[in-house]
Amino acid sequence: MSQPTTIDGLNKDMPADMPQSGKGHPKGLYLLFFTEMWERFSYYGMRAIFVLFMTKMLLMTNQDASNIYGSYTGLVYLTPLLGGYLSDRYLGNRRSIVIGGVLMAIGQFLMFLSASTAGGAAITMMWAGLTFLIIGNGFFKPNISSMVGQLYPKGDSRIDGAFTIFYMGINLGAFFSPLICGSLAEKVDFKWGFLAACIGMIIGIITFVMFKGKLLVNSEKNGIGLPIKGLDIKGISMIVGTIALIFFLLNFKDLFKSDADIIGYLIYGAMVVIPVAILTDKSITSEERSRILVIFILAFFVIFFWSAFEQAGASLTIFAEQQTNRDIGSWQMPASWFQSVNPLAIITLAPIFSVIWSMLSKRNLEPASPRKMAYGLLLLCLGYIVIAVGVHGVDSSVKISMWWLMALYLLHTMGELCLSPIGLSMVSKLSPLRFSSLLMGTWFLANAAANKLAGTLSALIPPSAEELAKGVKIPHLFGYAINNLYDFFMVFIIMTGVASVILFVLSGSLLKMMRGIR
């Protein structure tokens, strides 16, 4: 899914004096696995039904729902910068995870209340729920990922295997959530889908609180992720101010009747300002700066991957709902269920890819990380080629076979396994320890830009016949009219195909800058 980690082999790149693998994994890993699984259940359960909730219950247009989706998911990946900063200086990982989990549970409950009401109250409750979800994720996301590596001694070869297990937790939660939350939402009522997501988050955070003191220890049995110092007035002001700012940003267009996309300005501006601020830090050595620069360059290409991949929760969900034949006999599959295809394929294919990389490694043929990312973009491009073939020449009133969409998700999953798995591991290996959480947050900043761009691109989906009758205009991109779904999918084919070629050309230079880390 949308959080990267690793299945790559690490041991082959390590100097001989580094610690090697121990037997098994610390129990703390499985606590983090379980906590992350339920948090992902909560997040992806809500994501699976969010656009459908806005279009079917709140009666928004596909374009408006797509833009709100992009703003929400973009901010979800922006706030880890705040969470990483406060964790590094005050809260520590453990306390940040608890704060984040509680805020997200409150946010999901507010979404339940939004779906239980109508009119303006439902919209206001939705903005409040999204605000809590966004801030809560900022505390939770960078800190639980950072704790995985802290369980092991420096250079321990088990760390890649640990991230693989952690990644399975992500995808296990992401697999079940659309099935449960989606079924409740589409077959019963949307409010029960949001409530199920809330309950999942509560289960995860209660488990974490119960066992964190006993299980979250390093190889020397010392506690990890402990508070650094008490939260001062500056830190508290940052939290309160951010909550107020996020709520204001989400309501900006309604409050001022403006079309200005200030959330986009904020996210894309941060993509420039934050890397510059980090790279100009005088405490960073030349070697550290070179490695950090690689993180930012790869993050730039990650934006193109995830902005196309994350159509799963936006335009592809709209496509599944409106123009995909989901009938199986007399039963109709919920549109949200398609979002379970990717995590199921990840769980199935990840071990196969791991074996493939291992076999290639033994023959000195395994591609380096930047080249794997280029292949991931290429496979994403192929997925959109498949769906473009499926809709080419088909009238907008005709629903195409669900197998075209299944094939797209399968190819996208293969692309994810080439690109996504190295993400968190690369940040962990290339980051100076004192900047680990901040750089993890910065890596998620690329996801913020990608998700915001995903919403903007999703809004280009051509309007249905009903929307055209209501006066919804044909979207344009750089003067190019998006008249049909074939035109729409061509946007992603060109974008990901070009990005793949450029990254492959640059991969040799990036390897030199990584100084031996592959």
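The structure displayed is predicted, hence computed values, not measured ones.
Heavy-atom minimum distance, T317 versus A312: OG1-O, 2.6 Å. Closest non-hydrogen pair, Y77 versus A448, comes out as CB-N, 3.2 Å. Closest approach of P178 and Y44 over heavy atoms only: CG-O, 4.5 Å. Nearest heavy-atom pair, L151 versus P26, reported as atom, atom and distance to 0.1 Å: CB-CG, 3.9 Å. Heavy-atom minimum distance, I461 versus Q63: O-NE2, 3.0 Å. Considering all non-hydrogen atoms of both residues, A270 and L445 come closest at O-CD2, 3.4 Å.
Y152 and H25 are linked by a side-chain donor-acceptor pair at a separation below 3.5 angstrom, with hydrogens and angles left out of the test. Side-chain contact check for E310 and T73: no donor-acceptor pair (N or O, by modelled atom type) lies under 3.5 Å. Between the side chains of D487 and Y480, at least one donor-acceptor pair of N or O atoms lies under 3.5 Å. With no hydrogens or angles considered, a side-chain donor-acceptor pair links T413 and N342 at under 3.5 Å.
For N171 (side chain) and I346 (main-chain N/O), no donor-acceptor pair under 3.5 Å exists by modelled atom type. The backbone N or O of A308 lies less than 3.5 Å from a partner atom in the side chain of Y384, making a donor-acceptor pair. Under the 3.5 Å distance criterion, the side-chain polar atoms of S96 are left unmatched by any main-chain donor or acceptor of L91. In this structure a side-chain-to-backbone donor-acceptor pair under 3.5 Å is missing from S307 to A450. Between the side chain of R94 and the main chain of L216, a donor-acceptor pair closer than 3.5 Å is present. No side-chain donor-acceptor contact under 3.5 Å links Q108 to the backbone of M104. The main-chain N or O of N447 is found under 3.5 Å from a side-chain atom of N451 such that the two form a donor-acceptor pair. In this structure, the side chain of T280 engages the main chain of A277 through a donor-acceptor pair within 3.5 Å. The closest donor-acceptor contact from the side chain of T496 to the backbone of F492 lies under 3.5 Å. At least one donor-acceptor pair closer than 3.5 Å links the side chain of R289 to the backbone N or O of L279.
To the nearest 0.5 Å, the span separating CD1 on I292 from CD1 on I284 amounts to 4.0 Å. We find the CD1-CE distance between I49 and M54 to be 11.0 Å, quoted to the nearest 0.5 Å. Between atom OG of residue S177 and atom CZ of residue F41 there is a gap of 6.0 Å, rounded to the nearest 0.5 Å. The distance from the CG atom of L379 to the CG atom of L419 is 10.0 Å, given to the nearest 0.5 Å. Atoms CG and CD, on L32 and Q150 in that order, are 9.5 Å from each other to the nearest 0.5 Å. Note that the CZ atom of F489 and the CD atom of Q311 stand 8.5 Å from one another [nearest 0.5 Å].
Listed by first and then second residue, the side chain to side chain donor-acceptor pair (under 3.5 Å) pairs that reach into residues 240-251 are W127-N251, sequence neighbours excluded.
Remark: R40 qualifies as a cation-pi partner of Y43 under the 6.0 Å distance and 45° angle criteria applied to the six-membered ring.
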Begin from the C-alpha positions of L316 and L408 and carry the test side-chain contact (heavy atoms from CB on, under 4.5 Å) through to its verdict.
CA-CA 10 Å; L316 292 177; L408 172 142; 3.7 Å; yes
Test side-chain contact (heavy atoms from CB on, under 4.5 Å) on E366 and K372 and set out the steps.
CA-CA 9 Å; E366 182 182 4; K372 285 182 182 177; 2.6 Å; yes
Would E416 and F353 count as a side-chain contact (heavy atoms from CB on, under 4.5 Å) if you check the C-alpha gap in whole Å, the side-chain angles of each, and the deciding distance to 0.1 Å?
CA-CA 11 Å; E416 181 183 2; F353 269 69; over 6 Å; no
side-chain contact (heavy atoms from CB on, under 4.5 Å) between L457 and M495: does it pass, once the steps are laid out?
CA-CA 11 Å; L457 294 174; M495 180 181 73; 4.1 Å; yes
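Annotation for F132: atom CZ does not count as buried by contact number, only 12 or fewer foreign heavy atoms lying within 6.0 Å.
By the salt bridge (Lys or Arg N to Asp or Glu O under 4.0 Å) test, D261 pairs with K452, sequence neighbours left out. Every residue meeting the side-chain hydrogen bond (donor to acceptor under 3.5 Å, both in side chains) condition with S458, not counting sequence neighbours, appears here in chain and number order: S66.
Side chains of I134 and Y72 form a contact here, defined as non-hydrogen atoms less than 4.5 Å apart. The side-chain heavy atoms of M147 and E36, taken from C-beta on, include no pair separated by under 4.5 Å. With contacts defined as side-chain heavy-atom distances shorter than 4.5 Å, the pair V341/L410 does not qualify. Looking at heavy atoms from C-beta onward, I239 lies in side-chain contact with F139 at the 4.5 angstrom threshold. At a threshold of 4.5 Å between non-hydrogen side-chain atoms, the residues F53 and M126 count as touching. Residues I205 and I97 meet the side-chain proximity criterion, which asks for heavy atoms closer than 4.5 Å. In this structure, the side chains of L133 and M46 come closer than 4.5 Å at one or more pairs of heavy atoms. Looking at L103 and F140, their side chains never come closer than 4.5 Å, going by heavy atoms from C-beta outward.
Under the 30°/60° scheme for interplanar angles, the aromatic rings of Y85 and Y90 are found to stand perpendicular.
A ring-centre distance under 6.0 Å is not found for F301 and F305.
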